[in-house]
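Have a look at the structure below, then the notes.
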Amino acid sequence: MTTLARKLRSVDYFTLGWGTMVGVGWLVIMDDWLLRGGSLGTGLGFLIGGALLLPIGWVYGKLVIAMPDAAGEIAYTSAVFPRGISFATGWMMTLAYFIVCPWEAVAVGRIAAYIFPRLDSTEIYRVAGRPVYLPHLAVGLALTVVLTVLNYRGVRLSATFQNWTSFGTLALFVVFVVAGVSRGMVIHLPPLFTHRPIISILLVIQIVPYFMTGFESVGKAAEEADPEFRARGFFRAIWMAILIGTFFYASIVAAVAFVAPWRLLTTEKFMTVVAFERAVASRWIVNVVLAAALLSLFKCFNGNFVAASRLFFALGRCGMIAPTAGRIHPKFQTPSLAVLCVGIATGVCMLLGDAILVPVTEVGSVACAVGWAAACAACLALALWKPDVVKVSAAGKAVAVLGLVVAIALALMKIVPIIPGHFTVYEWLALAVWCILGAVAAAAK
């Protein structure tokens with residue numbers, strides 16, 4: 001029987017986890033972030049949100065070591081819970097990863113148009129009052145095709161691409177942040193909070209799950225580890241992804257707020273670029289920021305593409321949807337049909353254009369929080385009922401309980417109507433559509 005190729009090493013798992021987590025939100029919607037929390041509120045929101053994810057990361061580390069299965073949350077929950085819960089968890093986590101793909105495909109068109117303004121032409125229709133340009137679609141679709149082909153032909157190609165783009169992003173990030181901050185001033189920071197401090201921080205923490213989703217993608221490629229790979233490497237990759245991801249987000253927010261009067265820049269198309277350009281008073285830093293953004297976009301798109309296709313593959317292999325989705329290519333040893341499905345669905349969804357950017361953020365936050373809660377609950381259940389599979393100490397159980405509480409709280413913050421920043425009708429509609437698609441896929445298997 002054909003199996004997935006086993007070619008991934010420790011560095012590949014780190015760049016998969018961190019690369020899947022950090023995309024181009026720091027460039028495309030920095031204005032939304034800062035208007036939510038202010039310079040201090042936004043930074044604290046990411047720091048607190050990232051710290052809250054550490055117990056969840058610990059749980060995933062334990063589960064991946066015990067059950068190195070591409071099914072991820074599907075495998076963890078199916079070991080102790082009914083099949084319906086396992087399917088629902090897998091379907092929601094598939095959404096959490098997949099929904100990032102059209103987000104990045106749309107974002108690349110916006111970034112390309114900033115570099116080449118002529119791409120903001122040939123409007124073909126509007127969605128929610130936002131124009132959709134033909135050149136934007138062409139650029140996004142081209143990138144989608146490239147990544148689909150890359151992942152179809154082999155995980156080693158995909159991992160090499162992920163490594164280069166991840167470390168390239170980090171290097172360029174250091175260059176433009178150091179250059180910009182050297183010209184910054186403290187007087188640029190106010191307002192520190194855009195609402196009452198607690199509300200400002202809460203509004204940011206609500207979106208942290210979406211922008212920090214990715215560390216658990218390590219488990220989706222667990223079956224593709226090199227034969228000499230040591231299982232503890234999964235744990236280290238997950239924690240490094242969370243810690244470096246948290247530091248990255250908090251640093252970029254602080255840098256943008258420090259280098260220029262950010263409150264005056266929220267109407268700019270890409271306020272991060274404008275802030276650094278004004279600080280340095282030179283065009284070269286714009287090129288560095290945009291280069292970092294493009295590399296970050298490529299790696300985030302690719303990482304989420306890998307995770308989404310592996311979960312879709314696992315759903316098919318488990319017989320929860322059409323079994324053909326679990327097919328492995330005999331030559332390339334990749335989940336070929338799942339890869340094609342994710343690529344095609346990404347192309348279709350990006351037709352909605354810029355209008356999907358912020359709503360997608362909100363829905364993705366709830367989807368991944370649901371998956372995290374299910375994984376923590378599965379870890380506790382396994383420790384109680386199947387200690388031979390997952391052995392957890394008393395302190396470890398306390399960590400898992402904390403992770404479960406955090407995950408549930410993160411989900412409730414977006415769906416409880418009395419909490420500021422809760423779902424609007426558009427987010428409920430998007431979530432409902434995904435649930436209906438899941439019901440159809442399960443019924444048509």
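Predicted model, so just to flag it, every value in this text is computed and none were measured. Residue numbers count from 1 along this sequence.
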Would you name the heavy atoms of [X] and [Y] that are closest together and state the gap between them?
X	Y	answer
Gly41	Val204	O-CG2, 4.1 Å
Ala225	Phe234	CB-CZ, 4.2 Å
Phe46	Ala250	CB-N, 4.5 Å
Thr334	Arg153	CG2-C, 4.3 Å
Ser39	Leu34	CA-CD2, 3.9 Å
Gly37	Ser200	O-CB, 3.5 Å

Nearest 0.5 Å, please: how far is [atom2] in [Y] from [atom1] in [X]?
X	Y	atom1	atom2	result
Leu52	Ile205	CG	CD1	6.0 Å
Ile436	Leu431	CD1	CG	10.0 Å
Thr144	Phe301	OG1	CZ	3.5 Å
Asn304	Thr346	CG	OG1	9.5 Å
Leu147	Asn302	CG	CG	5.5 Å
Met21	Tyr210	CE	OH	13.5 Å

Do [X] and [Y] make a side-chain contact, defined as non-hydrogen atoms from C-beta onward lying under 4.5 Å apart?
X	Y	answer
Leu137	Ile124	yes
Leu351	Val132	no
Phe173	Ser296	no
Val100	Thr213	no
Asp120	Lys269	yes
Met271	Thr266	yes
His188	Val259	no
His195	Pro420	no

Kindly state each residue pair satisfying salt bridge (charged side-chain N to carboxylate O under 4.0 Å, His left out) with at least one member in residues 211-220, sequence neighbours excluded.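 Qualifying pairs, neighbours excluded: Glu73-Lys220.
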Evaluate the side chain to side chain contact (heavy atoms under 4.5 Å, CB included) criterion for residues Val392 and Cys379: first the C-alpha distance (whole Å), next the side-chain angles of each, then the deciding distance (0.1 Å), finally the verdict. CA-CA 9 Å; Val392 180; Cys379 182; 4.2 Å; yes
Using the ring pair (Phe, Tyr, Trp, His ring centres under 6.0 Å) rule, collect all pairs that involve residues 261-293, keeping only residues at least two apart or in two chains.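 Non-adjacent pairs meeting ring pair (Phe, Tyr, Trp, His ring centres under 6.0 Å): Tyr114-Phe270, Phe176-Phe276.
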Is the Trp91-Trp434 ring centre distance short of 6.0 angstrom?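 Yes.
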Can you confirm if the aromatic rings of Phe298 and Trp164 lie within a centre distance of less than 6.0 Å?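 No; Phe298 has its ring centre 6.0 Å or more from that of Trp164.
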Can you label the angle between the Trp33 ring and the Phe211 ring as parallel, tilted or perpendicular, going by 30° and 60°?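 Geometry flag for Phe211 against Trp33: perpendicular rings.
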More than 12 non-hydrogen atoms from neighbouring residues, nucleotides or ligands closer than 6.0 Å to CZ on Arg156, yes or no?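 Yes, because the 6.0 Å sphere around CZ of Arg156 holds more than 12 heavy atoms from other groups.
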Audit row: Glu427, Lys414, salt bridge (charged side-chain N to carboxylate O under 4.0 Å, His left out) steps and yes/no: CA-CA 10 Å; Glu427 285 83 36; Lys414 293 306 301 176; over 6 Å; no
If the condition is side-chain hydrogen bond (donor to acceptor under 3.5 Å, both in side chains), which residues does Ser121 pass it with, not counting sequence neighbours?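 Per chain and number, Ser121 pairs via side-chain hydrogen bond (donor to acceptor under 3.5 Å, both in side chains) with no residue.
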Who passes side chain to side chain contact (heavy atoms under 4.5 Å, CB included) against Ala381, sequence neighbours left out?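 Ala381 satisfies side chain to side chain contact (heavy atoms under 4.5 Å, CB included) with Val80, Phe81, Trp385 once adjacent residues are dropped.
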Applying salt bridge (Lys or Arg N to Asp or Glu O under 4.0 Å), name anything that partners Arg9, two or more places apart in sequence or on another chain.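 So Arg9 forms no salt bridge (Lys or Arg N to Asp or Glu O under 4.0 Å) with any residue.
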Among residues at least two apart in sequence or on other chains, which ones pass salt bridge (Lys or Arg N to Asp or Glu O under 4.0 Å) with Arg126?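 With neighbours one apart ignored, the set is Glu123.
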What verdict does the side chain to side chain contact (heavy atoms under 4.5 Å, CB included) test give for Leu141 and Met350, after you've listed the backbone C-alpha separation in whole Å, the side-chain angles of each residue and the deciding distance to 0.1 Å? CA-CA 8 Å; Leu141 288 172; Met350 71 164 293; 3.8 Å; yes
Tell me whether [X] contacts the main-chain N or O of [Y] through its side chain, where contact means a donor paired with an acceptor under 3.5 Å.
X	Y	value
Ser182	Ala179	yes
Thr194	Arg36	yes
Thr20	Gly17	no
Gln206	Met413	yes
Thr89	Gly371	no
Thr122	Pro135	no
Glu224	Leu8	no

Arg118 to Phe116 six-membered ring, cation-pi geometry met (6.0 Å, 45°):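 Negative - Arg118 is either too far from the ring of Phe116 or too far off its axis.
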Could you check Leu380 against Lys397 for side chain to side chain contact (heavy atoms under 4.5 Å, CB included), going step by step and ending with a plain yes or no? CA-CA 7 Å; Leu380 288 168; Lys397 290 177 183 177; 4.3 Å; yes
Residue pair Ile115, Leu294: steps toward the side chain to side chain contact (heavy atoms under 4.5 Å, CB included) verdict: CA-CA 11 Å; Ile115 301 171; Leu294 286 173; 4.2 Å; yes
